[in-house]
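Chain letters run A, B, ... following the sequence lines, proteins first and then strands; every chain starts at 1.
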Number of protein chains: 2
Amino acid sequence: MSVSLKTIAQELGVSVSTVSRVVNGKDRVDGNTRKRVEAALKAHDYQPNQMARTLRGKSSRTFGVLVSDISNLLFSRLIKGVEQAAMDRGYDVIVVNTDGDPGRVKRGVSLLLAKQVSGIIMASGGFDQQVEKKVREQGIPLVFIDTTPVRAGNFSSVSIDNVLAAEELTKLLIENGHSKIAVLAGPQNESTSIGRLRGFQKALEANGIQIPGHWIVKGEFGVEAGMAAAQTLLSERMRPTAVIAVSNSLAYGAMHALRRHGYQVPADISLASFDVIDDSYLIQPVFTTVNQPVLQYGTEAVRLCLRQRSQTAKAPYEQMVLPHRLIKGETVGPVAEESGCR
Amino acid sequence: MSVSLKTIAQELGVSVSTVSRVVNGKDRVDGNTRKRVEAALKAHDYQPNQMARTLRGKSSRTFGVLVSDISNLLFSRLIKGVEQAAMDRGYDVIVVNTDGDPGRVKRGVSLLLAKQVSGIIMASGGFDQQVEKKVREQGIPLVFIDTTPVRAGNFSSVSIDNVLAAEELTKLLIENGHSKIAVLAGPQNESTSIGRLRGFQKALEANGIQIPGHWIVKGEFGVEAGMAAAQTLLSERMRPTAVIAVSNSLAYGAMHALRRHGYQVPADISLASFDVIDDSYLIQPVFTTVNQPVLQYGTEAVRLCLRQRSQTAKAPYEQMVLPHRLIKGETVGPVAEESGCR
DNA sequence: CTGAAAGCGCTTACAG
DNA sequence: CTGAAAGCGCTTACAG
């Protein structure tokens, strides 16, 4: 298919080594020879065979990113952040979508290891012991962004301060007079949802607020779960006046359930959320939400991967915490008089 | 890092060839030997080195997909379709985001060629002569999905019948009494926007409708372009009563401009669109739009790549056309009395 | 400065 | 059925 060093070497009557040397530009080569080789290289549009190179032990200069859901704006933005950071340093990136399924995570990681990536950036659930072992064995840097599975061993990570963010969000509700607050807390095996729930609880405690245990609804992250949870909460005798959803899809689901039951947000009930991003700017009301600095995540994740790689001694795992942003939006308001509606 | 055939061969006192044979399972190996090797393979969790394999000329069993904008739901869904189809056949997929920029397309294609992918699936603009040449030289199958650049030579493609879809959408407007229809036609170097504009024009002709030339607004695909175009149209003395946007972002942009100017959709003006997908189901009103069968695109694209690869003679390029879906939505209504607003 | 040689991990005719 | 050998395309000590 493509021309090899050999072709060019033969054509010029020099050795493969010499051609290789000018390609790599490190070793010294006679000025004149270099000129001739360079010309031939260009004439053939020579591209080194990456397979061969990597086989010889060179870096593939590629990062792999795993995301749980490529069609969730949170993750697609995140990917863009990683891409940009990687590109700035001359690296490529391979994206793998996992649906948060451990089987697909495992397969995705195998793919990336097989492609000998320089680092793995993980923004997906479903990372289990088995996968961890594989990554460790290969000695490939891995950094978690956004969320880290609780059971994972020592790895670098980039995230926001989820506890603090949730505290702020909860305080916002409390300041608006709410004390009957429920939380759609998501799965309790991920740093994000765990931290967010903890922050929620801290804020309640700090304000001496007690809520019924079942107002803390643990479960999945998705839209369905959000709908179901909201539905259940609404069917109780005593209803919350505000709900916090720890993911964007939980928030969407909750919003639907609320609307279907005839509740106005925030007139009848307030809804605070995490990670809602609206590219169309057409969703109304605008969600009150905490946003993560996803573009910056990319930069830091790449940096951490690279550093880990260069370090010879014990891997310098680092938990990097970046500032979040609280978007006030329009879905949080003062407590309704006495929710009269249906 | 990882165990190699050699390690296992030495451990068992057999030759590398034998181990390789049982790994590949094609050649015949003595039953007993096979058992022992298999056990060792499993014990070490042996993974063949893909670099070495591919270097020896085997398929990488990987597809590459290029999309113009990974955070546009149209494309992220499309990626999911490809992933699923690929996985079903035991292939992996590498995703590359291009922003429709020729430089990034070129770089992305180089990456994929370097990784020796089994096929390239292209759902992005920015595919130029130079890139085409490279792909051709490598003899790697490439199929366009969604859109094809007009200047591209002979390649397979998967798409909807854009002309027909646009005709239907336009007819829907005409049936609603509209004859003053403008179109945000997008860039005129892509099969989608070209076909959609043509369909629009055919429908007008068929109904003896004439519109001012500047109501056909050519340009970019993005939100900004949509806003700008709508803005201009609204500032004229004679205003259209309906607008067709040939992309989702053009439609979003147009919707914003309309709202900002105080127009109600569809009460004051109708808006028909392409490729609007709303994951949150929270955008209101629900857009009237034509949708592509993106999941099916994946299946077909993979099939076409594979077929092209297996074919020995002239590449059997194939233009595959799949049925679209017209979603009636709520953004198209009867012509307003005489748009009294502002 | 330059070439011959070894070797990365694998596959696959070629001989036994 | 099995092993020794060649070779995919490259890089890199090792000698000159």
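- Contacts classified as salt bridge (charged side-chain N to carboxylate O under 4.0 Å, His left out) and involving residues 64-78 of chain B (residues at least two apart or in different chains) are given here: A:Lys80-B:Asp69, B:Arg77-B:Asp279.
- Pairs passing the side-chain hydrogen bond (donor to acceptor under 3.5 Å, both in side chains) check and including a residue from residues 119-129 of chain A, sequence neighbours excluded, read A:Thr98-A:Ser124.
- In this view, A:Gln50 and B:Lys115 satisfy the side chain to side chain donor-acceptor pair (under 3.5 Å) rule, not counting sequence neighbours.
- Sorted by first then second residue, the salt bridge (charged side-chain N to carboxylate O under 4.0 Å, His left out) pairs that include residues 24-52 of chain A, not counting sequence neighbours, are A:Arg21-A:Asp27.
- Rounded to whole Å, the distance from CZ on A:Arg28 to P on C:dG3 is 16 Å.
- Within the structure, a side-chain polar atom (N or O) of B:Thr18 is placed less than 4.0 Å from OP1 or OP2 of D:dG3.
- Taking atom P on both nucleotides, D:dG9 is separated from D:dA13 by 23 Å, rounded to a whole Å.
- For A:Tyr91, the ring pair (Phe, Tyr, Trp, His ring centres under 6.0 Å) criterion is met by A:Phe63, not counting sequence neighbours.
- We find that NZ of B:Lys26 is positioned 16 Å from P of D:dC1, with the value rounded to whole Å.
- Taking A:Arg104 as the reference, A:Asp99, B:Glu83 meet the side chain to side chain donor-acceptor pair (under 3.5 Å) condition, with sequence neighbours excluded.
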(message) Just to be sure I follow the notation: if a pair is Watson-Crick (purine N1 to pyrimidine N3 plus N6-O4 or O6-N4) or a G-U wobble (N1-O2 and O6-N3), each under 3.5 Å, what dot-bracket string does DNA chain D give, with | for pairs to another strand?
(response) |||.||||||||.|||

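- B:Thr54 and B:Gln116 form no side-chain donor-acceptor contact under 3.5 Å, judged by distance and modelled atom types alone.
- A:Thr33 comes within 4.0 angstrom of the backbone, heavy atoms only, and of no base.
- Evaluation of the side chain to side chain donor-acceptor pair (under 3.5 Å) rule for B:Glu132 yields B:Arg136 as partners, not counting sequence neighbours.
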In residues 139-151 of chain B, what donor-acceptor pairs under 3.5 Å come from side-chain atoms, sequence neighbours left out?
{"from": "B:Asp146", "atom 1": "OD1", "to": "B:Gln292", "atom 2": "NE2", "distance (Å)": "2.7"}
{"from": "B:Thr147", "atom 1": "OG1", "to": "B:Glu190", "atom 2": "OE1", "distance (Å)": "2.8"}
{"from": "B:Thr147", "atom 1": "OG1", "to": "B:Thr192", "atom 2": "N", "distance (Å)": "3.4"}
{"from": "B:Thr147", "atom 1": "OG1", "to": "B:Thr192", "atom 2": "OG1", "distance (Å)": "2.9"}

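- Atom pair A:Arg36:CZ and C:dC1:P shows a separation of 16 Å (rounding to whole Å applied).
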Just the atom pairs and distances: protein N or O near nucleotides 8-10 of chain C's N or O, under 3.5 Å.
{"from": "C:dG9", "atom 1": "N2", "to": "B:Ala52", "atom 2": "O", "distance (Å)": "3.4"}
{"from": "C:dC10", "atom 1": "OP1", "to": "B:Tyr46", "atom 2": "OH", "distance (Å)": "2.3"}
{"from": "C:dC10", "atom 1": "OP1", "to": "B:Asn49", "atom 2": "N", "distance (Å)": "3.1"}
{"from": "C:dC10", "atom 1": "OP2", "to": "B:Leu5", "atom 2": "N", "distance (Å)": "2.6"}

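- Nucleotides C:dG16 and C:dT12 place their C1' atoms 16 Å apart, quoted to the nearest Å.
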Short N/O separations, protein against nucleotides 13-16 of chain C, under 3.5 angstrom:
{"from": "C:dA13", "atom 1": "N6", "to": "B:Arg21", "atom 2": "NH2", "distance (Å)": "3.0"}

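- For the 3.5 Å distance criterion, the side chains of B:Thr7 and B:Ser4 qualify, holding a donor opposite an acceptor.
- In terms of the side chain to side chain donor-acceptor pair (under 3.5 Å) criterion, A:Gln84 has no residue partners (sequence neighbours excluded).
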